Amino acid sequence: MLTVVDHPLLRRDLTILRDKATPHGLFRKTLSDAAAILAYEAMRGIVLKKRPVETPLEVTDGYDLAEEVVVVPILRAGLGLVDGFVRFVPEARIGHIGMQRDEATHQPIDYYANIPGGLDAAHVYVVDPMLATGGSASAAIAHLKRLGATNVVFVCLVAAPEGVRTLHAAHPDVPIFTATVDREIDENAYIRPGLGDAGDRTFGTGK
Ligand code: PRP
Ligand code: URA
């Protein structure tokens, strides 16, 4: 399942993020704001359990989350989306997976993983601003499934059609939420029109 989240504030945020004149401080803040809108939509599938809640006047029905939420950013750029999720679910556990694309082959190389236990009973949100070839997301999700994850959602800001196809083929059970599906990836595996290198623009590194 692919959901392209459509909200006027998200369109405005995406424009700020695409703009090459946006400095990294504003880029980081806007990425976090956009992530909150994506998180709000992606977390509609969360399951609740009922409990009584006592207001100052009487007892009524209330709800708690029925399952743990685990957010897993794909390092580095995925870190920029975490705040957008934990502002709604501050008790979420955060796992980290380090993936770096090889500049020549564009294949992901995993260099770090630190994932909380209990994945089998958790809603797992894998977050990364960019879904280009789909290699990094597919490998990260395969890693989480090997650790027991069964309920995984992938959330990104910009997807390429190739990345959507690859991720759907590798993990047909994983819904994808994105703000846009862009035209294509180029010969350097950058998304066009895209927003450039999300990691460098978030952290103020690169040229
Ligand atoms: C970027 C991005 C994704 C990946 C997407 O990370 O944040 O993780 O590329 O490309 P793919 O779909 O073709 O695998 P990058 O490797 O540039 O690392 P960084 O986040 O550390 O900058
Ligand atoms: N990674 C990025 O940061 N940007 C792209 O366009 C593709 C992969």
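Note that this is a predicted model, so its numbers are computed, not measured. Order of appearance sets the numbers: ligands from 1, and atoms from 1 within every ligand. Just the heavy atoms: all of them, side chains too, but no hydrogens, waters or symmetry mates, feed the values below.
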Student: Using a 4.0 Å heavy-atom threshold (strictly under), name the region of Ile185 that reaches ligand 1: side chain, backbone, both or neither.
Tutor: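 It is neither; nothing of Ile185 touches ligand 1.
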
Student: Below 4.0 angstrom, N of the basic side chain to O of the carboxylate: do Asp182 and Arg18 qualify?
Tutor: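 Salt bridge: yes.
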
Student: Using a strict cut-off of less than 4.0 Å between a Lys/Arg side-chain nitrogen and an Asp/Glu carboxylate oxygen, indicate whether Lys50 and Asp61 qualify as a salt bridge.
Tutor: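 Salt bridge between Lys50 and Asp61, a charged N being under 4.0 Å from a carboxylate O: yes.
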
Student: Below a 4.0 angstrom heavy-atom separation, can you tell me which part of Ala132, side chain or backbone, both or neither, approaches ligand 1?
Tutor: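 Answer for Ala132: both.
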
Student: Can you confirm, on distance only, whether ligand 1 has an N/O atom lying under 3.5 Å from any N/O atom belonging to Pro129?
Tutor: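 For ligand 1, there is no N or O atom that lies under 3.5 Å from one belonging to Pro129.
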
Student: State if Ala189 counts as touching ligand 2 under the rule of any non-hydrogen atom under 4.0 Å.
Tutor: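 Distance cut 4.0 Å: Ala189 passes for ligand 2.
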
Student: With only distance considered, is Tyr111 within less than 3.5 Å of ligand 1 through an N or O on each side?
Tutor: no

Student: Show the atoms of ligand 2 that are less than 4.0 angstrom away from any heavy atom in Arg101.
Tutor: 7 (C), 8 (C)

Student: Is any side-chain N of the basic residue among Asp128 and Arg76 closer than 4.0 Å to the acidic one's carboxylate O?
Tutor: no

Student: Would you say Gly196 contacts ligand 2, with heavy atoms under 4.0 Å as the rule?
Tutor: yes

Student: Hey, does Ala132 come in under 3.5 Å of ligand 2, counting only N/O atoms on both sides?
Tutor: no

Student: Closer than 3.5 angstrom, by distance alone: can the side chain of His171 be matched with the main-chain N or O of Asp173 as a donor-acceptor pair?
Tutor: no

Student: Can you find a protein heavy atom under 4.0 Å from atom 3 (C) of ligand 1?
Tutor: yes

